[in-house]
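Please read the structure below before turning to the comments.
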Amino acid sequence: MKDKNLAVFDLDGVILESIDCKTNAFADLYSQYGANIQNKIIKHHLNNGGISRYEKIKFYHEKILNMKLSNNEFNKLLNQFSHLVLKQVLNSEFVEDVQNFLMEISKKFTLVLSTGTPTNEAIQILKHRKLDKFFLHILGSPETKKNHLAKLFNDNNYQNKYFFGDAMTDYEAAIEFEMKF
């Protein structure tokens with residue numbers, strides 16, 4: 001029965017109260033460009049939850065700062081962002097009662113994490129929070145949530161499919177793959 005039931009979870013705002021951690025990291029990352037630029041970036045970030053930092057950093061430089069990034073500069077910014085955000089996320093609060101919910105739902109459903117957080121960080125976060133044992137797969141960026149789901153459904157035919165998310169990207173992925181949201 002469990003192999004026919006799938007529950008996909010987002011991370012930030014669904015398992016951990018960590019959305020503000022990412023907002024703060026983007027504000028810090030772009031502090032050198034002044035309050036006006038920071039405000040544009042924060043607004044975009046908050047209005048586009050679920051999109052990976054890979055896409056956002058490229059967008060911010062190309063569309064807001066009108067700057068091209070070399071691969072070296074891009075990787076440097078990704079590392080800075082990771083450094084700024086990881087400690088905060090590791091210490092963020094759980095969404096209320098999510099640990100009990102994961103324990104109960106994992107008895108009847110295969111659980112998968114699909115997040116905009118880089119895969120290696122998501123694994124580190126879930127291990128640190130002792131939640132990795134619940135998830136068959138921990139999937140993150142740079143791949144998109146739609147790519148995660150395409151791979152899952154390519155290999156399995158689930159009868160009951162749920163996506164627990166809080167962003168438009170979560171909703172769009174759920175709708176495309178006929179999941180309850």
Side-chain angles (χ1 to χ4, degrees), residues 8-96 98 112-129 131 135 138-151 163-177 181:
V8 176
F9 287 80
D10 180 32
L11 179 60
D12 298 309
V14 176
I15 295 176
L16 295 175
E17 298 286 2
S18 50
I19 294 172
D20 288 346
C21 302
K22 307 235 168 131
T23 304
N24 296 338
F26 276 118
D28 289 347
L29 192 64
Y30 290 95
S31 63
Q32 67 185 346
Y33 298 102
N36 185 40
I37 295 294
Q38 279 180 306
N39 291 337
K40 287 180 183 179
I41 288 170
I42 289 168
K43 182 178 179 183
H44 179 272
H45 167 67
L46 292 173
N47 288 332
N48 292 279
I51 296 175
S52 78
R53 65 188 72 170
Y54 294 86
E55 292 179 48
K56 287 181 178 179
I57 289 172
K58 286 179 183 177
F59 178 84
Y60 299 153
H61 272 74
E62 291 174 11
K63 303 297 183 190
I64 296 177
L65 297 174
N66 295 315
M67 296 171 63
K68 294 285 184 195
L69 277 175
S70 70
N71 285 339
N72 190 35
E73 293 168 322
F74 179 63
N75 288 327
K76 184 178 175 183
L77 288 168
L78 287 172
N79 287 333
Q80 283 180 279
F81 185 89
S82 180
H83 178 74
L84 289 167
V85 79
L86 191 57
K87 185 176 180 183
Q88 290 181 61
V89 173
L90 288 172
N91 295 313
S92 61
E93 297 290 324
F94 285 109
V95 168
E96 186 176 345
V98 73
V112 172
L113 185 86
S114 177
T115 179
T117 299
T119 301
N120 61 337
E121 281 183 33
I123 291 168
Q124 184 179 354
I125 292 163
L126 291 182
K127 281 184 178 181
H128 178 80
R129 302 312 294 263
L131 297 177
F135 295 94
I138 299 171
L139 308 171
S141 61
E143 290 194 36
T144 66
K145 294 176 185 192
K146 288 182 181 181
N147 287 348
H148 298 161
L149 297 180
K151 288 180 182 178
F163 197 118
F164 294 90
D166 64 346
M168 187 56 72
T169 54
D170 301 332
Y171 176 74
E172 290 168 352
I175 295 301
E176 184 171 325
F177 289 91
F181 184 75

Any side-chain heavy atom of [X] within less than 4.5 Å of one from [Y]?
{"X": "Q38", "Y": "I41", "result": "no"}
{"X": "E176", "Y": "K146", "result": "yes"}
{"X": "H61", "Y": "K68", "result": "no"}
{"X": "K151", "Y": "N147", "result": "no"}
{"X": "L11", "Y": "L126", "result": "yes"}
{"X": "I57", "Y": "L69", "result": "yes"}
{"X": "L78", "Y": "Y54", "result": "yes"}
{"X": "L84", "Y": "N24", "result": "no"}

Side chain [X], main chain [Y], donor-acceptor under 3.5 Å:
{"X": "E73", "Y": "S70", "result": "yes"}
{"X": "N39", "Y": "A35", "result": "yes"}
{"X": "T115", "Y": "T117", "result": "yes"}
{"X": "E17", "Y": "F94", "result": "no"}
{"X": "R53", "Y": "K22", "result": "no"}
{"X": "D170", "Y": "A167", "result": "yes"}
{"X": "S92", "Y": "V89", "result": "yes"}
{"X": "H148", "Y": "G140", "result": "yes"}

Considering non-hydrogen atoms only, spot the tightest contact between [X] and [Y] and give its length.
{"X": "A174", "Y": "L149", "result": "N-CD1, 4.4 Å"}
{"X": "S141", "Y": "G116", "result": "OG-O, 2.7 Å"}
{"X": "G13", "Y": "I19", "result": "CA-CD1, 3.8 Å"}
{"X": "G49", "Y": "T169", "result": "O-OG1, 3.3 Å"}
{"X": "N91", "Y": "H128", "result": "OD1-NE2, 4.5 Å"}
{"X": "L90", "Y": "R129", "result": "O-NH1, 3.0 Å"}

Centre of F74's six-membered ring, under 6.0 Å away, within 45 degrees of the axis: is that where NZ or CZ of K58 sits?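 Here K58 passes the 6.0 Å and 45° test against F74.
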Show, in sequence, the C-alpha distance, side-chain angles and deciding distance for I37 and L65, and conclude whether the side-chain contact (heavy atoms from CB on, under 4.5 Å) test is met. CA-CA 8 Å; I37 295 294; L65 297 174; 3.8 Å; yes
side-chain contact (heavy atoms from CB on, under 4.5 Å) between T144 and E55, intermediate numbers included: CA-CA 10 Å; T144 66; E55 292 179 48; 4.0 Å; yes
For Y30 and F26, take the angle between the two ring planes, folded into 0 to 90°, and tell me which bin it lands in: parallel under 30, tilted 30 to 60, perpendicular over 60. parallel
Ignoring hydrogens and geometry beyond distance, is a side-chain donor-acceptor pair present between K56 and H45 at under 3.5 Å?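 Indeed, the side chains of K56 and H45 share at least one donor-acceptor pair under 3.5 Å.
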In Å and rounded to the nearest 0.5 Å, what is the [atom1] to [atom2] distance from [X] to [Y]?
{"X": "L29", "Y": "S31", "atom1": "CG", "atom2": "OG", "answer": "8.0 Å"}
{"X": "F163", "Y": "D10", "atom1": "CZ", "atom2": "CG", "answer": "6.0 Å"}
{"X": "D166", "Y": "F9", "atom1": "CG", "atom2": "CZ", "answer": "12.5 Å"}
{"X": "I138", "Y": "Q124", "atom1": "CD1", "atom2": "CD", "answer": "11.5 Å"}
{"X": "F164", "Y": "S114", "atom1": "CZ", "atom2": "OG", "answer": "14.0 Å"}
{"X": "S52", "Y": "E143", "atom1": "OG", "atom2": "CD", "answer": "11.0 Å"}

Test side-chain contact (heavy atoms from CB on, under 4.5 Å) on H83 and N79; report intermediate values, then the result. CA-CA 6 Å; H83 178 74; N79 287 333; over 6 Å; no
Let's go through S82 and E121 carefully: what are the C-alpha distance in whole Å and the side-chain angles of both, what is the deciding distance for side chain to side chain donor-acceptor pair (under 3.5 Å) to 0.1 Å, and is it a yes or a no? CA-CA 8 Å; S82 180; E121 281 183 33; 2.5 Å; yes
Should we say atom CG of N47 is surrounded by more than 12 heavy atoms from elsewhere, each under 6.0 Å from it? yes
Stepwise salt bridge (Lys or Arg N to Asp or Glu O under 4.0 Å) test for E172 and K145: CA-CA 9 Å; E172 290 168 352; K145 294 176 185 192; over 6 Å; no
Decide side-chain contact (heavy atoms from CB on, under 4.5 Å) for L16 and V95; before the verdict, give the C-alpha distance in whole Å, the side-chain angles of both, and the deciding distance to 0.1 Å. CA-CA 5 Å; L16 295 175; V95 168; 5.8 Å; no
